[in-house]
Amino acid sequence: MIASPRADLLAAVPTLHAWYRAHARDLPWRRTRDPYAIWVSEVMCQQTRVAAATPYYQRWLAALPTVEALADADDREVLVLWEGLGYYSRARNFQRAAREVVARFGGRVPEALTDFRALPGVGAYTAAAVLSIAFGADLAVVDGNVRRVLARLTALAADPRRAPHAGELEALATALLPPGRAAVHNQAVMELGALCCLPRSPRCGACPLAAVCRARQAGDPEAYPARQARAPVPHYPVAVGIVVDGGRVFLGQRPYGGLLGGLWEFPGGKLEPGESPEAALARELKEEFGLAAEVTGALAPVPHAYSHFRVTLFPRLCRFRGRDPRAGEGRTWQWVAAGELGAYPMPRANRKILEQLAQRPGWAGADP
């Protein structure tokens with residue numbers, strides 16, 4: 001059980017703030033109090049490294065600088081801007097939320113916690129981060145970095161995401177929050193987790209809270225918090241068809257609501273045990289779209305890793321044979337000019353295939 005905040009922790013909060021003012025990274029979203037821009041950064045930086053998210057943030061705001069612009073944008077434009085960040089439901093929910101902000105609040109991001117939390121895709125962390133940084137609301141943020149920092153300060157050996165410890169850490173985060181200083185405090189704690197209190201090889205020598213850290217006093221800060229054993233990551237071989245008909249290339253759209261929902265891709269599917277890529281492709285094309293195609297060549301295999309599994313794509317060049325395809329299993333499809341494929345939002349693995357195609361002579365004319 002985590003007790004009330006220790007006096008030494010409370011006394012060290014000003015030291016943490018001074019450290020943050022001296023060492024905080026110069027990030028573009030820290031140069032604004034625009035709640036929409038801050039909201040963009042928080043949605044993007046969830047489960048994405050800051051360095052990777054920064055160029056996306058800049059491109060997004062250049063194209064969609066306001067809530068109204070996001071609300072009015074074409075779905076395809078939104079997904080193209082998001083392409084590569086993963087977790088595409090976040091982008092779709094963000095646009096849905098923007099449309100509600102325009103419809104219900106006249107385009108002004110609501111300051112009230114209940115109003116903001118009611119928007120699509122907005123959870124406790126996003127609400128606390130946006131409202132505290134943009135409006136100064138006294139709300140403590142609790143993300144993975146914050147949990148790790150607090151678990152080490154209190155030498156919590158258990159999993160900080162599970163009850164009752166998750167609730168105890170949230171209560172501790174709130175108790176350590178100085179009234180009226182939430183914007184600085186929340187960013188300081190998150191920055192500490194990003195720069196010093198790393199998951200592995202923490203930089204205790206540079207930490208402003210080292211003197212009050214129980215995990216450091218125990219001699220092995222990396223042992224805190226407890227890590228859960230990871231299950232083996234499954235791997236799937238996948239056949240993919242680049243089906244060409246004259247200058248047109250066939251694309252299918254993934255169903256909304258699932259993995260990579262709304263993105264466009266070359267059709268295909270997983271290989272069954274003992275099945276060749278060609279056989280799997282013929283089966284999948286027929287099952288999903290009633291499509292018949294003749295394989296005419298192969299591209300290099302494309303390995304790709306997702307958060308919970310890995311795939312190897314086996315791309316096959318194909319010539320269309322037969323009638324126009326049908327939409328099956330809730331899928332939609334479209335014939336696209338070869339030179340226009342880049343304008344469609346695609347999974348990163350499919351984009352790698354497109355990069356290979358661009359190197360092939362005659363591809364501009366979609367010659368398989």
Side-chain angles (χ1 to χ4, degrees), residues 1-25 27 42 45-53 123-125 128-129 139-178 181-182 184-234 305-310:
M1 181 76 177
I2 299 173
S4 299
R6 307 189 316 264
D8 58 349
L9 283 181
L10 290 169
V13 167
T15 302
L16 172 63
H17 293 187
W19 170 86
Y20 174 73
R21 287 190 290 268
H23 298 281
R25 291 167 292 179
L27 303 175
E42 292 300 336
C45 288
Q46 293 174 31
Q47 298 172 302
T48 304
R49 294 181 298 106
V50 164
Y125 166 79
L139 299 168
V141 300
V142 181
D143 66 353
N145 278 341
V146 173
R147 288 190 188 93
R148 184 170 62 255
V149 168
L150 297 180
R152 285 177 176 166
L153 288 173
T154 57
L156 175 66
D159 186 342
R161 298 167 299 177
R162 296 184 179 277
H165 310 296
E168 293 169 357
L169 290 180
E170 290 174 7
L172 176 59
T174 298
L176 291 173
L177 183 70
R181 304 299 305 280
V184 169
H185 182 79
N186 283 334
Q187 292 181 90
V189 180
M190 290 189 289
E191 194 77 339
L192 186 66
L195 298 184
C196 293
C197 199
L198 306 176
R200 291 175 175 78
S201 302
R203 300 167 183 165
C204 297
C207 178
L209 302 184
V212 296
C213 179
R214 291 279 175 84
R216 185 169 186 263
Q217 294 167 9
D220 186 12
E222 195 171 334
Y224 302 88
R227 293 197 190 96
Q228 299 299 307
R230 290 189 177 185
V233 178
Y306 293 94
S307 57
H308 298 96
F309 64 95
R310 296 179 296 111

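Computed from a prediction, not measured in an experiment: that's the story for all the values here. All heavy atoms count here, side chains included; hydrogens, waters and symmetry mates do not.
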Tell me, do P225 and L156 make a side-chain contact under 4.5 Å, heavy atoms counted?
no
Got a second to check how far [X]'s [atom1] is from [Y]'s [atom2], nearest 0.5 Å?
X	Y	atom1	atom2	result
W19	L192	CH2	CG	5.0 Å
L209	R216	CG	CZ	11.5 Å
R21	E191	CZ	CD	13.5 Å
C196	L16	SG	CG	9.5 Å
M190	Y20	CE	OH	8.0 Å
N145	L150	CG	CG	11.0 Å

Yes or no on side-chain contact (heavy atoms from CB on, under 4.5 Å) for R25 and L195, after CA distance, side-chain angles and deciding distance?
CA-CA 9 Å; R25 291 167 292 179; L195 298 184; 4.0 Å; yes
Which atom of [X] lies closest to which atom of [Y], heavy atoms considered:
X	Y	value
P14	L10	CD-O, 3.9 Å
A128	A140	CB-O, 3.6 Å
P199	R152	O-NH2, 3.1 Å
T154	R214	C-CB, 4.0 Å
P178	V13	CG-CG1, 3.7 Å
L139	N186	O-ND2, 2.8 Å

Would you find more than 12 non-hydrogen atoms of other residues, nucleotides or ligands less than 6.0 Å from R161 atom CZ?
no
Before you tell me yes or no, could you show the steps for V141 and V146 under side-chain contact (heavy atoms from CB on, under 4.5 Å), namely the whole-Å CA-CA distance, both residues' side-chain angles and the distance that decides it to 0.1 Å?
CA-CA 8 Å; V141 300; V146 173; 4.2 Å; yes
Is the backbone N or O of P202 less than 3.5 Å from a side-chain atom of E222, with the two atoms forming a donor-acceptor pair by type?
no
Check whether any side-chain N or O of R6 sits under 3.5 Å from a backbone N or O of V212 as a donor-acceptor pair, and report yes or no.
yes
Let me see the working for H165 and D159 under side-chain contact (heavy atoms from CB on, under 4.5 Å), right down to the final yes or no.
CA-CA 7 Å; H165 310 296; D159 186 342; 6.0 Å; no
